[in-house]
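Let me begin by presenting the structure, written as structure tokens, before commenting on it.
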Amino acid sequence: MQSVMSSGPSLEADSVSILRSIIPGLESTKHKGQAGKIAVVGGCREYTGAPYFSAVSALKIGADLSHVFCTKDAAPVIKSYSPELIVHPILEESYSIRDEEKSSISAKVIAEVEKWMERFDCLVVGPGLGRDPFLLDCVSNIMKNARERNVPMVIDGDGLYLVTNCLDLVSGYPLAVLTPNVNEYKRLVQKVLNSEVNDENGTDQLLSLAKGIGGATILRKGKSDFVSDGKTACAVSIYGSPRRCGGQGDILSGSVAVFLSWARQCAAKGEVSMNPTMLGCVAGSALLRKAASMAFDNKKRSTLTGDIIECLGISLQEICPV
């Protein structure tokens, strides 16, 4: 495969070529699960939309199965959004348990997730997670288990809050992807590099940040999205929308999870030579930006996250026709 980097000083990735190179064909000989099994860890009393957006986006792009591990309060709500999702109501928040129960309940949560972990091609951690201390402690253990089993992780939202305060969860793990927005990126730079964001040398700082975390891939979201694994960096600037409705980051996390798993399949067959986490990030960014552009063309100011999700399939079809 050719380099994603354009010739000359531009960092722009050849996003369309990358998308076409890693999207698997649809064949009648394949069975359920081969196109991807994604799990989202997130969803609490206050936030039920984010894990749904992430999980259903994975399905809309082409994953076969999409799971959500959430709190018991969130589960009925998320289930009501779609029968397509497999929802596991296993997480707990501090308000619902006594101190003497925490150790046993934490062990039960981890045991339940462990039963499923080896089936997953990628984990999305953070959409709608919230910041309850006990809940975050349980999710930390889930992340450690995923890492032990070499399951890739895409970390967004409150998952980034967790990671920023406990970098060891992803430090030195090349299968981790962090997807910070402007404020989350600022906190990461302050924590890891002990400095402020420097956009004049943005690419160098992004490279340094990824290196400082130990090889995790960072997808910095913005007007243009920038991606680095600490060794190389590229940008995704095509398409896009001026509408900034909440939930687009959740679509991105689910998208990256699917494309990362597809890129890893290609890499295992020797079909691509570049870091598959980089490829997954570029592909996920480009598809979201195209879907957002298409939705905005139709709905303008009234564009919502659901409108963008509905444009994922047709956007993918235009880039890589079935």
Side-chain angles (χ1 to χ4, degrees), residues 38-55 66-82 85-117 120 122-149 151 153-171 173 176-181 183-184 186-188 190-192 213 246-247 249-250 253-254 257:
I38 307 302
V40 177
V41 180
C44 62
R45 280 186 302 169
E46 290 87 356
Y47 307 115
T48 57
Y52 163 75
F53 289 147
S54 181
S66 197
H67 297 246
V68 178
F69 291 85
C70 61
T71 66
K72 293 177 181 178
D73 286 340
V77 182
I78 297 172
K79 287 183 178 183
S80 74
Y81 294 152
S82 172
L85 305 180
I86 303 168
V87 182
H88 306 262
I90 64 168
L91 301 179
E92 297 277 8
E93 294 181 83
S94 300
Y95 78 91
S96 64
I97 57 176
R98 298 189 298 270
D99 287 344
E100 59 268 25
E101 296 176 319
K102 289 183 177 179
S103 179
S104 61
I105 289 176
S106 179
K108 289 179 181 177
V109 169
I110 300 306
E112 180 64 26
V113 177
E114 278 185 343
K115 294 192 302 185
W116 292 91
M117 189 67 76
F120 299 138
C122 191
L123 218 60
V124 180
V125 180
L129 186 61
R131 298 186 179 182
D132 178 80
F134 178 72
L135 178 56
L136 292 180
D137 186 59
C138 288
V139 173
S140 294
N141 289 325
I142 292 172
M143 293 176 68
K144 291 173 184 176
N145 184 266
R147 183 167 178 170
E148 289 170 1
R149 296 170 183 262
V151 177
M153 292 183 283
V154 179
I155 302 160
D156 187 46
D158 288 319
L160 290 170
Y161 169 82
L162 174 61
V163 164
T164 301
N165 289 289
C166 188
L167 289 170
D168 287 345
L169 290 171
V170 295
S171 180
Y173 190 49
V177 174
L178 280 58
T179 60
N181 61 24
N183 290 318
E184 292 158 347
K186 178 181 178 180
R187 289 192 285 268
L188 277 171
Q190 291 171 338
K191 177 76 172 185
V192 177
I213 296 175
D250 303 312
S253 65

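- No side-chain donor-acceptor contact under 3.5 Å links S253 and T179.
- Using the six-membered ring where Trp is involved, H88 and H67 have ring planes that are parallel, under 30° apart on the 30 and 60° scheme.
- Across every non-hydrogen atom of L169 and R147, the tightest pair is O-NH1, 3.3 Å.
- Checked by atom type and distance alone, the side chain of S54 never pairs as donor or acceptor with a backbone atom of P51 at under 3.5 Å.
- Annotation: the span from M143 atom CE to Y173 atom OH amounts to 9.5 Å, rounded to 0.5 Å.
- Taking the side chain as every heavy atom from C-beta outward, K191 and L167 approach each other to under 4.5 Å.
- Atom CD of residue E114 and atom CD of residue E148 lie 8.0 Å apart, to the nearest 0.5 angstrom.
- Distance check: D158 CG to L135 CG gives 9.0 Å after rounding to the nearest 0.5 Å.
- No side-chain heavy atom of Q190 sits less than 4.5 Å from a side-chain heavy atom of T164.
- Using a 4.5 Å heavy-atom threshold, the side chains of I97 and F134 count as touching.
- A heavy-atom distance below 4.5 Å is not found between the side chains of L162 and I155.
- Looking at every heavy atom in both residues, Y47 comes nearest to G128 through CB-CA, 3.4 Å.
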Checking V87 against C70 for the side chain to side chain contact (heavy atoms under 4.5 Å, CB included) test, could you report, in this order, the C-alpha distance in whole Å, the side-chain angles of both residues, the deciding distance, and whether it holds? CA-CA 7 Å; V87 182; C70 61; 3.7 Å; yes
Please test V154 against C122 for side chain to side chain contact (heavy atoms under 4.5 Å, CB included), starting from the C-alpha separation and ending with a verdict. CA-CA 8 Å; V154 179; C122 191; 3.8 Å; yes
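- Contact check for V77 versus Y81: side-chain heavy atoms found under the 4.5 Å cut-off.
- The distance from the NZ atom of K79 to the OH atom of Y52 is 16.0 Å, given to the nearest 0.5 Å.
- Contact of the L129 side chain with the L136 side chain is registered, since non-hydrogen atoms from C-beta on lie closer than 4.5 Å.
- Here the CD1-NZ distance, from I90 to K115, works out to 9.0 Å after rounding to the nearest 0.5 Å.
- Separating the CD1 atom in I86 from the OG atom in S66 is a distance of 8.0 Å, to the nearest 0.5 Å.
- Considering every non-hydrogen atom in both A257 and V124, the closest pair reads CB-CG2, 3.6 Å.
- Checked by atom type and distance alone, the side chain of S96 pairs as donor or acceptor with a backbone atom of E93 at under 3.5 Å.
- In this model, no donor atom of one side chain and acceptor atom of the other lie less than 3.5 Å apart for N183 and R187.
- Closest heavy-atom contact between G249 and D156: O-OD2, 3.5 Å.
- Closest approach of C138 and I110 over heavy atoms only: O-CD1, 3.6 Å.
- Here the side chains of P89 and T71 are not in contact, with every heavy-atom distance at 4.5 Å or above.
- Taking 4.5 Å as the limit, some side-chain heavy atom of L91 sits within range of a side-chain heavy atom of V109.
- The two residues P133 and S94 come nearest to each other via the heavy atoms CD-OG, 4.2 Å.
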